[in-house]
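Structure record follows, encoded as structure tokens.
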Amino acid sequence: MCYISSMPHLLGLNEKQKEAVLQKDGPILIIAGAGAGKTKTLAHRILHLIKNGVHPENILAITFTNKASKEMRERVEKIIAHDKTLNIPLSYHYKPFISTFHSLGVHIIKENSGLIGLIKNFSIMDRSDSSKLIKECLRSLDIDSKQFEPNKILNIISREKGDLNTIENYTAGVEDGYTLKSVTAKVWPMYEQKLAQEKALDFDDLLLKTYNILKKHKEVLEKYQNLWKYIHIDEYQDTNKVQYMTAKLLAEKNRNICVVGDIDQSIYSWRGADIQNILSFEEDYPEAKVILLEENYRSTQTILAVANEVIQKNKLRREKNLFTKNIVGEKVSFLKALNEIEEARFIARKSQELIEKGANPREIAVLYRANFQSRVLEEAFLTESVPYQVLGTKFFDRKEVKDVLSFLRASVNPESLSDLKRIINVPARGIGKVTILKIFEGNKDKLPDGIKEKVNNFYNLLAKIKSDTEKSKPSEVIKFIIKESGLELELQKGTDEDKERLENMRELATLAIKYDHLPKPEGIEKLLEESSLASDQDSLEKNENAVKLMTVHASKGLEFDYIFVTGLEQDLFPHQGMGVDAKTPEEMEEERRLFYVALTRARIKLFLTYAEMRTIYGSQQMNLPSIFLGEFDNGHLEEENFEYREKIVYLEW
């Protein structure tokens, strides 16, 4: 078209992508199918805004994962740097603000911490830290944490915060007793008190407190509205109420809000995501421009045909039909295994076969509906000597890494009792639980002289670390902690496992190098923030050359050459919670969307498997194939033959 020569930044975009890029002002809804190049479209849209006079710092882009945020930031900075017509210094302080919702919350809260009685260096409780606090509350109430699991209570509190509900509303009318709701009503106020004592926020507070600041302080809201005149939100179908309301507040003045999403990939209702947010966008913004991105650049025609046929069975969606100019590709392979052992061995051996034919192990992924399915898969991969990596063990969740970060957090936030408790006797200093209790009660001066000296030495160490954060680079501070804490000396003398833990600590120092260029102590703050907000997908950052094993939920936003979708049995996928009542039509549609997400992760080849028998909770169950297997044309399938049954030893139950 004629504008291409004058707008070279539009080269490589299809017509719908160009339309999304060129629509500068007003609300825009981009319905972007899987693999339709939404990241590329958003990046070029941001570039187009800058080329048309919008200052980079007036642009906000919000994503849902650190991985997506990093990819978006790198792509935007690259295309801006390569555009020779621009003449702007892309310095650290003059870039588009690209972050996750939670990182945006941290930024706004830190800039306005005094308004809510927080220190700037407040601590961020990750899920495991929050769960420990809940457990402490239960212990104080003399309630058995095995009967009322801390994670279940935390999930309820999380959901209530996401729905903008208050403690007062939740506890109103709740009768005293030992139901989950009544116990949660007792625990929640205590939990909030403990967070306040430690000058800490949990993940959900990062969203809730941000919304409250913007809602209650008009001058603060106006400041950010004037700063971020153009707002972009990715994965809009995954927003919960507090995220939706925060975005609405920020966009209220200028109404330049561009949201991108796919109703067919809405799979997080269980954690508060509300599909109505994207379905009702045109009611919120009647002047909105709606653009459909339907050309898929990822998958073969066969994979897309299967995915389209499946998702069309849903009623709660906006009509679209993915298409691609890619090759037709291979048929979808299908295996009916006798049991989960045979299914797992097939997957391991087929993976090995693909690797021997030249496939990169990291481009193979095995997806399952429930976490328990990973055990038999791991056994098969070990038996067949196929390298694998289970997604879910975050680097920042390792004990030794958390210990080092706790030293750092406790040095900048002395009120963080959880961090102090974690490290005051790491490595062992002869400081026991009774001593810790006396310290926390403010009776440090009443300790015996020998113990008091050890405690004072510990606090002097924290003071040294604090001093180091103000003059040294983050990577150097981490090295200082490892050495001065005594951890390095102790682990060097230990077992091979201890030496591996030391290597993980040193890896943290290596990772911290990426914050070394930031002003002091901003680099330390960013390191602590990003380590607290790390997701499961961040465990893939090291990019191990191995087959990836993960739940379908965890695969969202990822793509691989070869995908195995396993356990396609009725009551497992779609999931019925192992014996609970049948799902509602809305829940069934979400299960189908989850299957659609699994299918559309594949670039080259799909493998679908199910087991006629599966051992669950110690008993063998006979299974019917998943209803999803009958929702697309069988002409797309080719059945796999796998002879392993004679080698299997069956257990009698």
Side-chain angles (χ1 to χ4, degrees), residues 34-35 37 39-40 63-75 78 296-300 303 326-327 329-330 332-333 343-369 371 373-398 401 500 503-504 507 510-511 514 534-567 597-609:
T39 304
K40 180 178 183 179
T63 65
F64 264 80
T65 67
N66 295 326
K67 182 179 182 297
S69 177
K70 181 184 176 186
E71 182 183 345
M72 174 74 73
R73 194 179 302 112
E74 289 174 349
R75 191 175 292 214
K78 182 178 179 181
N296 176 285
Y297 294 92
R298 177 187 300 160
S299 306
T300 65
I303 292 169
N326 293 340
I327 61 171
E330 298 180 51
V332 175
S333 287
E343 178 190 50
R345 284 295 176 90
F346 165 76
I347 292 167
R349 288 190 183 179
K350 183 60 72 171
S351 297
Q352 185 64 61
E353 185 182 309
L354 291 169
I355 293 167
E356 288 170 356
K357 289 180 178 178
N360 193 317
R362 68 168 64 97
E363 289 298 343
I364 303 171
V366 184
L367 311 183
Y368 36 84
R369 178 61 181 83
N371 274 306
Q373 293 172 255
S374 70
R375 181 195 60 80
V376 70
L377 287 163
E378 286 192 69
E379 287 180 4
F381 275 81
L382 283 168
T383 301
E384 301 294 333
S385 299
V386 181
Y388 73 93
Q389 178 190 12
V390 180
L391 179 64
T393 306
K394 290 185 286 185
F395 174 74
F396 292 111
D397 271 350
R398 297 179 186 276
V401 174
E500 186 177 335
E503 287 305 311
N504 286 329
E507 179 66 21
T510 301
L511 183 148
K514 75 174 184 175
S535 68
D536 285 347
Q537 286 191 1
D538 294 324
S539 65
L540 290 182
E541 286 300 308
K542 294 173 84 170
N543 216 5
E544 289 184 28
N545 199 21
V547 178
K548 311 304 178 191
L549 276 57
M550 67 188 82
T551 64
V552 183
H553 280 101
S555 74
K556 177 82 182 298
L558 304 177
E559 57 184 68
F560 301 88
D561 288 345
Y562 303 93
I563 289 285
F564 292 85
V565 187
T566 69
V597 165
L599 297 173
T600 53
R601 298 311 93 199
R603 298 189 194 104
I604 296 173
K605 174 80 173 176
L606 257 176
F607 297 87
L608 308 179
T609 67

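Counting from 1, the numbers follow the sequence of the chain as shown. Heavy atoms only: backbone and side chains are in, while hydrogens, waters and symmetry mates are out.
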Can any side-chain N or O of Glu343 pair as donor or acceptor with the backbone N or O of Thr566 at less than 3.5 Å?
no
Is there a donor-acceptor pair under 3.5 Å between the side chain of Glu363 and the backbone N or O of Ala359?
no
Side chain to side chain donor-acceptor pair (under 3.5 Å) against [X], all qualifying residues, sequence neighbours excluded:
X	result
Thr63	none
Ser69	Arg73
Asn371	none

Between [atom1] on residue [X] and [atom2] on residue [Y], distance to nearest 0.5 Å:
X	Y	atom1	atom2	value
Asn504	Glu507	CG	CD	7.5 Å
Ile563	Ile364	CD1	CD1	10.0 Å
Phe560	Arg603	CZ	CZ	8.0 Å

For [X], which residues count as a salt bridge (charged side-chain N to carboxylate O under 4.0 Å, His left out) partner, sequence neighbours excluded?
X	answer
Glu503	Arg506
Glu379	Arg375
Lys40	none

Heavy-atom check, side chain of [X] versus side chain of [Y], under 4.5 Å:
X	Y	answer
Gln389	Leu549	no
Thr383	Arg345	yes
Leu558	Met550	yes
Leu377	Phe564	no
Leu391	Thr551	no

Identify, with sequence neighbours excluded, every residue that meets ring-ring contact (aromatic ring centres under 6.0 Å, His included) alongside Tyr368.
none
Residues two or more places apart in sequence or in another chain: which of them pass ring-ring contact (aromatic ring centres under 6.0 Å, His included) with Tyr562?
none
Strictly below 4.0 Å, N to O, side chains only: are Lys357 and Glu353 in salt-bridge contact?
yes
Between Asn360 and Asp561, does the side-chain contact (heavy atoms from CB on, under 4.5 Å) criterion hold? Intermediate values first, please.
CA-CA 9 Å; Asn360 193 317; Asp561 288 345; 6.0 Å; no
For [X], all residues meeting side-chain contact (heavy atoms from CB on, under 4.5 Å), sequence neighbours excluded:
X	answer
Ser299	Asn296, Ile303, Leu304
Ala34	Gln265, Arg298, Leu322, Thr600, Arg601
Thr39	Glu71, Met72, Arg75
Val386	Ser351, Gln352, Ile355, Phe381, Glu384, Val547

To check you understand the geometry: which heavy-atom pair defines the closest contact between Ala598 and Val565, and what is its length?
CB-CG2, 4.0 Å
Shortest non-hydrogen pair, Ser555 vs Val597, comes out as OG-CG1, 4.3 Å
